[in-house]
Amino acid sequence: MAINSPHGLGNPTPTKLESPKMNLKTTSMNHSIEAEKLNLWYGDFQALIDVSVKIPDGQITSLIGPSGCGKTTLLRCFNRVNERYGNVTTEGKIEILGKNIYDPDVSLPELRKAVGMVFQRPNPLPISVYENILFGLRIHSPMRSLTRTESDQIVEEALTSVFLWEDLKDRLKVRATSLQLEQQQKLCIARLLPLKPKIILMDEPCSALDAKGTLAVEELMGILAGTYTFLVVTHNMAQARRVSKECIFMFLGELIEHRETQALFETPEHEKTADYVQMRYG
Amino acid sequence: MNSMSTRAERRQEFVLHSTSFIIFGIAIIPILNALKKTEATHIQVVSPNALSILLNDLYIVLSVGLLAILLGIVCAFYLEEWLPKTNWGRRWIESHVAILTGIPSVLYGILAISIFLSYAGTLKVIDDVPSAQNTEVIPFQRHTTLFLGEVLIFILMVMPVTIKTTQEALRSVVTPVREAAYALGASQWQVLMRHVVPIAFIRILAGGCRAMARAFATAALLIGTYIWHYTTETDGMSNRFLLFLGAALVLSVCSSTLVEIYNSIYNSNSA
């Protein structure tokens, strides 16, 4: 169970809260992201070429490939953060939870509320731990609609689900940027949870962490998968094998292979995949 | 950036720089004019209310300077947050801002003095008759066009500094912070008001202080020149001179202290 929310925002009824989980149980082959013929250009440079992909609901999918092959670009398409850089042209269709996110009537705040993102370097906002967790809710709800007890509860639940509550319960007023990197990264995951996202995108979430931090974040992902759909970009193939159920291999902007992780690593169908996963290069 | 510059961009740069040179060519004329007038001036007698007029003018000008700072901050927000980097207007303004901030305030002071000396041109002294009774002083009168010129100089001195420091302050709010907020679904306005402004506020304030210090220093320079040129009695005048100079000093110290505070808060943890 993720966050029980009495804050009057969205769908506070328990049945609706359970919905991602229940969807998963009843229709396990549902796809939460479906991209079709996705092309993307940065100016004249084509970064994604005809990418079509279906990301299954409620499990961890990893994206691997050499640097500059468009993994991060693809990831960023799914909550449209790419568009902030200007000079970006996108073509094609991405359906998230049955809705084309490039439709003109899509509201970006709502989309980004449903599709959370964790970045490569932990990027907590330079405010207190407490306010970091509440930031998402505060921007999506009218001013002063959260009472003190509600927000306390939300913070406690969010921190508990990422196993930070014990460490941080006495330090909630501490500036979030002063925490250890591992704690910061967990906090970045925790602050998504009060918004009850359906999908969590992760862009090399462990590359700035040490071995212990990596392990902790991976364990956390394992526990949260099922409630949320994870899409993880990683350079670390061992990590892809450890955490993900399905794996996508990309090369120079094209999607080469998308299969079950084990199959992809052990019996790659494509020559380029084989070269990469057997570490002949990259 | 250079590797990406095309022929068209280089042509644009050329146009930008040549317009800047032309503008500054034009700006030199009043300075030369001022120097010529300085030679010709030998008036020592001024009506007693000349000082109060000068001070009044300076107070008005300094308040205009304060408004110019606010305008500069708004302008910087617009340039930095809404206009794309490739926008022609933005690049034009930024290159001019860079040139104008590079000019030391003393040079603006000389420009301002040239205008004050033109004021002095309205003073006519009949000094061919040595008797004091025959000395006729036409009161120091406010000359609207010249006053506007003075205001313009102060704006020109204060605004570019404000725009530049504010832009730097906004840029100092690192991309990860913005990305984090955007990725949680914040709108541009929310990101600005809740994160960028609170973080950058100290540095924007520092920039404002710096701009105001410039204005005060120039004002002090004007009073100094006034003392040197027109009166032998320096009572009260030197007080004002020191007051303005002191204000300039305090403001510039404030500005650097604020930057230090900013660095100690936000740069200590970033790797």
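- Comparing A:Arg138, A:Met117, A:Glu110, A:Gln120 by heavy-atom pairs within less than 4.5 Å of chain B, the highest count is held by A:Arg138.
- Interface summary for chain B: among A:Arg112, A:Arg76, A:Arg191, the most heavy-atom pairs under 4.5 angstrom belong to A:Arg112.
- Using a 4.5 Å cut-off between heavy atoms, A:Ile127 touches chain B through its side chain atoms alone.
- A:Cys206 and A:Thr214 get closest at one heavy-atom pair: CB-CG2, 3.7 Å.
- When each of A:Ala114, A:Pro126, A:Gly136 is checked for heavy-atom pairs under 4.5 Å with chain B, A:Pro126 comes out on top.
- For the set B:Arg194, B:Arg178, B:Glu179, the count of heavy-atom pairs under 4.5 angstrom toward chain A peaks at B:Glu179.
- Between A:Ala176 and A:Leu125 the shortest heavy-atom distance is CB-O, 3.9 Å.
- Residues A:Lys99 and A:Glu95 are not paired through a salt bridge, judged by the lack of any N-O separation under 4.0 Å between the basic side chain and the carboxylate.
- Using a 4.5 Å cut-off between heavy atoms, B:Gln188 does not touch chain A at all.
- Salt-bridge formation is not detected for the pair A:Asp203/A:Arg121: no Lys NZ or Arg NE/NH1/NH2 atom is positioned less than 4.0 Å from an Asp or Glu carboxylate oxygen.
- Using a 4.5 Å cut-off between heavy atoms, A:Val115 touches chain B through its backbone atoms (N, CA, C, O) alone.
- B:Thr257 and B:Val253 get closest at one heavy-atom pair: OG1-O, 2.6 Å.
- Salt-bridge check for B:Glu80 with B:Arg90: passed, with a basic side-chain N closer than 4.0 Å to an acidic carboxylate O.
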